[in-house]
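First up is the structure itself, then whatever we jot down about it.
Note that the coordinates shown come from a computational prediction; the quantities given were computed from them, not determined experimentally. Heavy atoms only: backbone and side chains are in, while hydrogens, waters and symmetry mates are out.
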Amino acid sequence: MKKTLRLSLGGLLFLSGIVLTLLPGSILLVIGGLMLLSYDWPRARNWLRFFQNQMTSSARKLDRLLLNRRLRKSRVR
């Protein structure tokens, strides 16, 4: 019963996150679905790790970009 519910909810979250990829925050649905699916499927664990690494690297790049932008503005003034 728990496994069926977990797989159903995980699949639903994952698919709805994929469908809503253009909306902000939908990647959280994908990661939530993969997290639930990763309990039973090792392949979902690999995808979850991939998405987590991609989110970490993109957050670092965005932080670096915003910091450089702020530093550039402070030098101009």
Side-chain angles (χ1 to χ4, degrees):
M1 176 73 178
K2 285 184 181 180
K3 184 176 180 177
T4 306
L5 181 65
R6 187 172 50 227
L7 288 174
S8 300
L9 185 61
L12 181 67
L13 284 173
F14 179 73
L15 290 176
S16 61
I18 294 295
V19 169
L20 299 172
T21 52
L22 298 177
L23 297 177
S26 64
I27 191 69
L28 297 176
L29 293 175
V30 172
I31 288 184
L34 283 174
M35 202 167 61
L36 288 174
L37 292 173
S38 69
Y39 284 107
D40 300 313
W41 289 341
R43 187 162 215 160
R45 227 172 278 135
N46 294 336
W47 279 103
L48 177 63
R49 195 173 303 121
F50 171 76
F51 278 115
Q52 287 173 335
N53 289 336
Q54 290 298 315
M55 284 182 59
T56 302
S57 67
S58 65
R60 285 184 183 145
K61 286 178 186 177
L62 183 62
D63 285 344
R64 203 172 325 132
L65 177 87
L66 292 175
L67 179 64
N68 287 337
R69 186 174 162 190
R70 182 186 296 170
L71 289 175
R72 219 176 309 136
K73 282 185 179 180
S74 67
R75 286 182 203 155
V76 172
R77 291 181 184 182

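Residues Phe50 and Leu48 share a hydrophobic cluster, clusters being chains of Ile/Leu/Val/Met/Phe/Trp/Tyr side chains in contact below 4.5 Å. In terms of hydrophobic clustering, with Ile, Leu, Val, Met, Phe, Trp and Tyr side chains grouped at heavy-atom distances under 4.5 Å, Met55 and Val30 are assigned to a common cluster. Side-chain heavy atoms closer than 4.5 Å link hydrophobic residues (I, L, V, M, F, W, Y) into clusters, and following such links, possibly through other members, connects Met35 to Ile18. Under the 4.5 Å side-chain heavy-atom criterion for grouping Ile, Leu, Val, Met, Phe, Trp and Tyr, Val19 is not connected to Ile27 through any hydrophobic cluster.
With values rounded to the nearest 0.5 angstrom, Thr56 atom OG1 is found 12.0 Å from Lys61 atom NZ. A distance of 13.0 Å separates CH2 in Trp47 from CG in Leu37, rounded to the nearest 0.5 Å. Distance check, rounded to the nearest 0.5 Å: CG of Leu20 to CG of Leu29 gives 6.5 Å.
In the hydrophobic clustering (ILVMFWY side chains linked at under 4.5 Å, chained through shared members), Leu62 is joined by Leu65, Leu66.
Not counting sequence neighbours, Arg45 has no partner by the side-chain hydrogen bond (donor to acceptor under 3.5 Å, both in side chains) test.
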Can you give me every donor-acceptor pair (side chain of residues 8-17, partner residue at least two apart or in another chain, under 3.5 Å) with its distance?
| unit_1 | atom_1 | unit_2 | atom_2 | d |
| --- | --- | --- | --- | --- |
| Ser8 | OG | Thr4 | O | 2.8 |
| Ser16 | OG | Leu12 | O | 2.9 |
| Ser16 | OG | Leu13 | O | 3.0 |

Practice prompt. List the steps, then state whether side chain to side chain contact (heavy atoms under 4.5 Å, CB included) holds for Leu5 with Lys2.
Written response: CA-CA 5 Å; Leu5 181 65; Lys2 285 184 181 180; 5.8 Å; no
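With a 4.5 Å cut-off on side-chain heavy atoms, Asn46 and Arg49 count as touching.
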